[in-house]
Number of protein chains: 2
Amino acid sequence: MSATTSPTPAKLQLMELLAAIGTAQWRDFAAAAAHHGLTSTQAKVLAQLNGPLPMRALATLLVCDASNVTGIIDRLEARSLVRREPDPSDRRVKNVVATDEGRDIIRRVREEMQATSGALDTLDPAESTTLYELLARLRPGMEKSA
Amino acid sequence: MSATTSPTPAKLQLMELLAAIGTAQWRDFAAAAAHHGLTSTQAKVLAQLNGPLPMRALATLLVCDASNVTGIIDRLEARSLVRREPDPSDRRVKNVVATDEGRDIIRRVREEMQATSGALDTLDPAESTTLYELLARLRPGMEKSA
DNA sequence: TCAGAACACTTGACATTATCAATTGTTTAC
DNA sequence: GTAAACAATTGATAATGTCAAGTGTTCTGA
């Protein structure tokens, strides 16, 4: 192991830069979400709901207690942005599904992330491709549970 | 302007990839913070405190109400991780400064971000440099207030 | 088979984080 | 030198987070 034996200065700088960009993108996302009457957490949940997802899986993705998810989904369901559906193969599980309205609102939130979008416009196609490939290489390692 | 006239599919994919990496890094950060008895927000504040920072500036960085910062700093101060200092040139302002203990704990949190750190190890020096340069180009545009 | 462990979700109690409206004290601008 | 603007705090309230306990369902192994 020893993933962090003696980090190069360059590596620390890169981590800091990644953090700064992550923070900036999060700000952009949160602002767009607020513009549609969603809290950051609610928007984050909607963004995860590409397909049906058990409550437990959501808790894992959000890295929070399962009981927390209950309340978040309660509020989203009260606004008709998601539905709870029983899982056909396991009666313990409830799958959360975005409604049409929920999909619509998160699509609009994504469209309104202008700071992020505008920043990406400053890269030419070749640079975009390079960036995409490097980040794609990075992704699997970062998503490993520590 | 029209930052979002007709987004290329590639651009949307790049945004999604950036979001995924930002999320993964945040998870890593939050887990390391929790390991040291800090909430994500508390760790985020400590991470910003390279030098003295007025409460108001912190609220701007966190994109939240100033009154929220009061409580967060109260709790950090109760644990001796930060100090409030009067601003010599403006008596309205209180500058927040990390204590030695505060600097120490956030340093350790950064050192324990193993998922992020490990992922960066998969890039060779040339790739790291390329990534750094591309992200550095991206950063200013993303930090613009939307 | 069937008793108990493990699991998914919920509830209740409580701390933290967030917003807003209102207050106090201090500049700044006219 | 007063009025507007500002920095920070307080108090009320909602949203998010944790943990412990409880219900119902599934899995495991003797």
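Side chains are part of it too, since the values below use all heavy atoms of this structure and drop only hydrogens, waters and symmetry mates. Within every chain, numbering begins at 1; the chains are lettered A, B, ... in the order of the sequence lines, protein sequences first and strands thereafter.
- No engagement by D87(B) is indicated, since no non-hydrogen atom pair under 4.0 Å with the nucleic acid exists.
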May I have the step-by-step check of salt bridge (charged side-chain N to carboxylate O under 4.0 Å, His left out) for R84(B) and D74(B), ending in yes or no? CA-CA 9 Å; R84(B) 282 172 167 96; D74(B) 281 351; 2.9 Å; yes

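- Rounding to whole angstrom units, CG of residue D90(A) and C1' of dT23(D) are separated by 15 Å.
- Linking Ile, Leu, Val, Met, Phe, Trp and Tyr whenever their side-chain heavy atoms come within less than 4.5 Å leaves I72(A) and V63(A) in two separate clusters.
- In terms of position along DNA chain D, the nucleotide closest to M55(B) lies nearer the 5' end than the nucleotide closest to the other residue of the pair S40(A) and M55(B).
- Distance E85(A) CD to dC9(C) P: 13 Å, rounded to the nearest Å.
- Looking at residues 58-71 of chain A, you'll see V63(A), C64(A), D65(A), S67(A), N68(A) sit with a heavy atom under 4.0 Å from some atom of DNA chain D.
- The phosphate of dT16(D) (OP1 or OP2) has no side-chain N or O of K44(A) nearer than 4.0 angstrom.
- Between the CD atom of Q42(A) and the C1' atom of dA15(D) there is a distance of 8 Å, rounded to whole Å.
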Show, in sequence, the C-alpha distance, side-chain angles and deciding distance for R79(A) and E101(A), and conclude whether the salt bridge (charged side-chain N to carboxylate O under 4.0 Å, His left out) test is met. CA-CA 9 Å; R79(A) 289 178 55 182; E101(A) 196 182 344; over 6 Å; no

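- For R91(B), a side-chain nitrogen or oxygen approaches OP1 or OP2 of dT27(C) to under 4.0 Å.
- For the residue pair S117(B) and K11(A), a side-chain donor N or O sits within less than 3.5 Å of a side-chain acceptor on the partner.
- In this structure, L38(A) places its CG atom 17 Å from P of dA18(C), rounding to the nearest Å.
- Within the structure, every side-chain polar atom (N or O) of R92(B) is placed at least 4.0 Å from both OP1 and OP2 of dT24(C).
- A close approach under 4.0 Å does not occur between any side-chain nitrogen or oxygen of T39(B) and OP1 or OP2 of dG17(D).
- A close approach under 4.0 Å does occur between a side-chain nitrogen or oxygen of R84(B) and OP1 or OP2 of dT9(D).
- Residue I73(A) contributes atom CD1, which lies 12 Å from atom C1' of dC9(C) at whole-angstrom precision.
- A side-chain donor-acceptor contact under 3.5 Å links Q42(A) to the backbone of T39(A).
- Rounded to an integer number of Å, the gap from I72(A) CD1 to dT17(C) P is 16 Å.
- We find that D87(B) and R92(B) are not joined by a salt bridge, their nearest charged nitrogen and carboxylate oxygen being 4.0 Å or further apart.
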